Amino acid sequence: MTEAKTKTYKGSCLCSAVKFELIGEFQSFFLCHCSRCQKDTGSAHAANLFAPSAKLVWTQGENDVKTYLHPNSRHAKSFCRHCGSALPMVADSIKSVVVPAGSLDEAPSILPTAKIFVGSCASWSKDLSDIPSFETFPSA
Ligand SMILES: [Zn+2]
Ligand SMILES: [Zn+2]
């Protein structure tokens, strides 16, 4: 891969205090349903992209990025100290940049690779295919 062809993704947190660039490509994209990811996202699953050979560059607000390391585990979460939004991190244990999909300002090049830890899946999120969908917040 030549330098000129290397893809750069831009991302940011909700309050825009933190901005970053990821230089490189994603290798996998996991929807993690484990109980830790349910807690740290407040939702059914985390949606994390893995980019083992990419470079993460903070272009704004690096000092506003905090990282929580869960004791006695490899579970970690980086977030903006102002708005709490999930942000990328370099996971030394797996030698990869891990990027929460929602932190990107553009669509990633790959679709989700797999759901993982589905044995821990929240009972309410096992099958959502039959619930109604609305373009915006539904009117009463
Ligand atoms: Zn923020
Ligand atoms: Zn998880």
Side-chain angles (χ1 to χ4, degrees):
M1 195 187 290
T2 62
E3 197 65 33
K5 282 184 178 170
T6 304
K7 173 75 181 157
T8 299
Y9 290 95
K10 289 185 190 307
S12 58
C13 67
L14 182 59
C15 77
S16 298
V18 180
K19 294 185 191 296
F20 65 87
E21 287 183 0
L22 184 89
I23 302 152
E25 261 305 351
F26 300 113
Q27 186 179 83
S28 51
F29 184 0
F30 292 133
L31 307 181
C32 185
H33 290 258
C34 82
S35 55
R36 289 165 180 160
C37 286
Q38 288 179 47
K39 282 286 183 195
D40 100 10
T41 62
S43 189
H45 58 78
N48 285 322
L49 290 144
F50 293 78
S53 55
K55 189 177 168 209
L56 175 63
V57 179
W58 301 107
T59 52
Q60 184 182 302
E62 181 173 4
N63 292 337
D64 292 325
V65 180
K66 298 290 167 198
T67 299
Y68 170 70
L69 297 168
H70 193 61
N72 305 314
S73 81
R74 288 180 174 183
H75 189 93
K77 181 189 183 177
S78 286
F79 56 95
C80 169
R81 71 186 175 105
H82 300 291
C83 69
S85 300
L87 289 166
M89 72 185 111
V90 178
D92 292 327
S93 62
I94 53 171
K95 295 183 168 45
S96 180
V97 183
V98 182
V99 182
S103 70
L104 291 172
D105 293 335
E106 58 191 297
S109 56
I110 58 172
L111 292 171
T113 318
K115 297 179 180 181
I116 60 173
F117 288 92
V118 290
S120 307
C121 193
S123 59
W124 55 267
S125 75
K126 285 191 173 132
D127 184 9
L128 304 175
S129 57
D130 288 337
I131 62 167
S133 298
F134 298 90
E135 198 67 40
T136 59
F137 200 82
S139 50

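On a predicted model such as this, the values are computed, not experimentally measured, just so you know. When a ligand or atom number is given, it counts from 1 through the structure's own listing order. Quick note: numbers below take in every heavy atom, side chains included, and nothing from hydrogens, waters or symmetry partners.
Contact check for Val99 versus Leu56: no side-chain heavy atoms found under the 4.5 Å cut-off. Using a 4.5 Å cut-off on side-chain heavy atoms (C-beta onward), Leu111 and Phe29 make no contact.
At least one N, O or S atom of Cys83 sits under 2.8 Å from the Zn ion (ligand 1). Contact annotation: Cys37 places an N, O or S atom under 2.8 Å from the Zn ion (ligand 2).
Vertex the Zn ion (ligand 1); arms to Cys80 SG and Cys15 SG; angle rounded to 10 degrees, 110°. The angle that Cys34 SG and Cys32 SG make at the Zn ion (ligand 2), rounded to 10°, works out to 110°.
No side-chain donor-acceptor contact under 3.5 Å links Asp40 and His70.
Of all heavy-atom pairs spanning Cys80 and Leu87, the tightest one is N-CD1, 3.5 Å.
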